[in-house]
Amino acid sequence: MVIWKSLSETDIEVFNAINGEIKREDEGLELIPSENYVSKAVMQAMGSVLNNKYSEGYPGKRYYGGQEFTDIVETLAIERAKKLFNAEHVNVQPYSGSPANLAAYLAVMKPGDKLMGLALSQGGHLTHGHKVSQTGKLFKAVQYELDPETKTLDYDAIRKLAEKEKPQVIVSGYTAYPREIDFKEFAEIAKDVGAYSMADIAHIAGLIAGGAHPSPFPHMDIVTTTTHKTLRGPRGGMIMCKDDDRLHEKYHSDSKYNLAQLIDRSVFPGLQGGPHMNIIAGKAVAFEEDLQPEFKEYAAQVVKNAKALADALMEYGFELVSGGTDNHLILIDLTNKGITGMQAEKALDKAGITLNKNTVPFDPRPPFDPSGIRLGTPAITTRGMKESEMKEIASFMNEALENINNDSKLKEIKQKVKDLCSNYPLYELYKA
Ligand code: DSN
């Protein structure tokens, strides 16, 4: 068929860029805590002909014909997600985490209503009400902060703020918080002030699915997530919620829909058109992988590795925000090392170690060149690395950060990183 030629024959520029990325991922240490490597099976589902199909609506109730296979795929994704998280209702159509959050908010709030979330600079997310995000413009955002001493969640202060502000939605779940979250406590605070409780578990979804972090269910009313971080699926989003008419009566006495229906209607037709069925197929495949016993081992190892890496880094004098980690990520305040987050990110890039500069709570520096760096273990754990490799990685990082202006030293470290990674090859099949 005329369109069925290989990428290498039709577009050498894109082909070469993809090959460059394969080599970069294979030879370097990926420590960005929101990144991971998906399986070949997930990749195949994402790259399948389901990309070609429009499927507005939901299984069994579509607006276009030809849905016999898309209905199978979407139903599998929904049922597997329900099992994985013990969720009552699941919508697998959100394109990613930000649209999932917006859809969840618009299901239960009107513009001008009050949204309470952790400030971005403290470890929240743009969509938790930051002023430059639409979520901070459409809604009146109230931002809570961490305890200035411990840099951990202060549930008493959060309760006081919620009682004073009486928001419609209280969001927990973060992008740079290394400690466990007490979802039960958050749900009680929300209930007491008449708010919906919502958890954005994008970062820790895989840990929750694998039993390495307490679940937001049955406490939370609404749970949003991405599917590509610790969950190890395709780039995408998902919303889970209670399927409970009592919520509808309490908050929406003027509406004929319950919470699950409000969420579905908010995603489609409220915010999105046709769902990306190839991505939904990838979600179904990933959720089945996540239901296997090996995924529990993976989730436990992610946390063990993060703790081992944290301990080794502290031995080199790195200051970890909150003094350690309970999950997959580590936030380092580099102030005592006399370097900035941007300098560290750039030097480590030269050494083949990828992570991101990040603000630390109460950071006196600007977000583009903050005081900290954020790193994590989901991707390197997928490669098969364990505690002893974490010690090596900490020593590479320490050496690189002591030599940020010494390019030949950074090149030497890059070779050591490459040698370590060659013991844990990622893409042999692609090279063959
Ligand atoms: N970009 C994601 C992260 O790195 O945490 C959040 O959306």
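Because the structure is predicted, anything quoted here is derived from the model rather than measured.
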Aromatic ring proximity His128/Tyr144, centre distance under 6.0 Å:
no

Which pairs pass ring pair (Phe, Tyr, Trp, His ring centres under 6.0 Å) with one or both residues in residues 149-180, sequence neighbours excluded?
Tyr155-Phe186, Tyr174-Tyr177

Between the NZ atom in Lys414 and the CG atom in Leu29, the distance rounded to the nearest 0.5 Å is 11.5 Å

Derivation of the salt bridge (Lys or Arg N to Asp or Glu O under 4.0 Å) call for Glu387 and Lys391
CA-CA 7 Å; Glu387 286 90 331; Lys391 287 192 183 144; over 6 Å; no

Look at the rings of His276 and Tyr95 and say which category their plane angle falls in: under 30° parallel, 30 to 60° tilted, over 60° perpendicular.
parallel

Within a radius of less than 6.0 Å around CG of Asn86, do more than 12 heavy atoms belonging to other residues, nucleotides or ligands occur?
no

Leu331 versus Thr359, closest heavy-atom pair with distance:
CD1-O, 4.0 Å

Say whether, by atom type as modelled, one donor and one acceptor occur between the side chain of Asn36 and the main chain of Lys229 under 3.5 angstrom.
yes

Could you tell me whether a side-chain N or O of Ser197 sits under 3.5 Å from a main-chain N or O of Asp221, the two making a donor and an acceptor?
yes

Output side-chain donor-acceptor pairs under 3.5 Å for residues 64-73, partner residues at least two apart or in another chain, one line each.
| unit_1 | atom_1 | unit_2 | atom_2 | d |
| --- | --- | --- | --- | --- |
| Gln67 | OE1 | Ser55 | OG | 3.1 |
| Gln67 | OE1 | Thr70 | OG1 | 2.6 |
| Gln67 | NE2 | Tyr54 | O | 2.9 |
| Gln67 | NE2 | Tyr64 | O | 3.1 |
| Gln67 | NE2 | Gly65 | O | 3.3 |
| Thr70 | OG1 | Gln67 | O | 3.1 |
| Asp71 | OD1 | Arg62 | NE | 2.8 |
| Asp71 | OD1 | Arg62 | NH2 | 3.0 |
| Asp71 | OD2 | Gly60 | N | 3.0 |

What salt bridge (Lys or Arg N to Asp or Glu O under 4.0 Å) pairs are there with at least one residue in residues 129-145, not counting sequence neighbours?
none

When you measure from the side chain of Arg374 to the backbone N and O of Ala176, does any donor-acceptor pair fall under 3.5 Å?
no

Please report the interatomic distance CD1(Ile181) to CG(Leu153), rounded to the nearest 0.5 Å.
7.0 Å

Using atom types as modelled and distance alone, determine if a side-chain donor or acceptor of Asp363 lies under 3.5 Å from a backbone N or O of Ser371.
yes

Report the distance from atom CG of Asp200 to atom OG1 of Thr175, rounding to the nearest 0.5 Å.
8.5 Å

Within 45° of the axis and under 6.0 Å from the centre of the six-membered ring of Tyr298, does NZ or CZ of Arg232 qualify?
yes

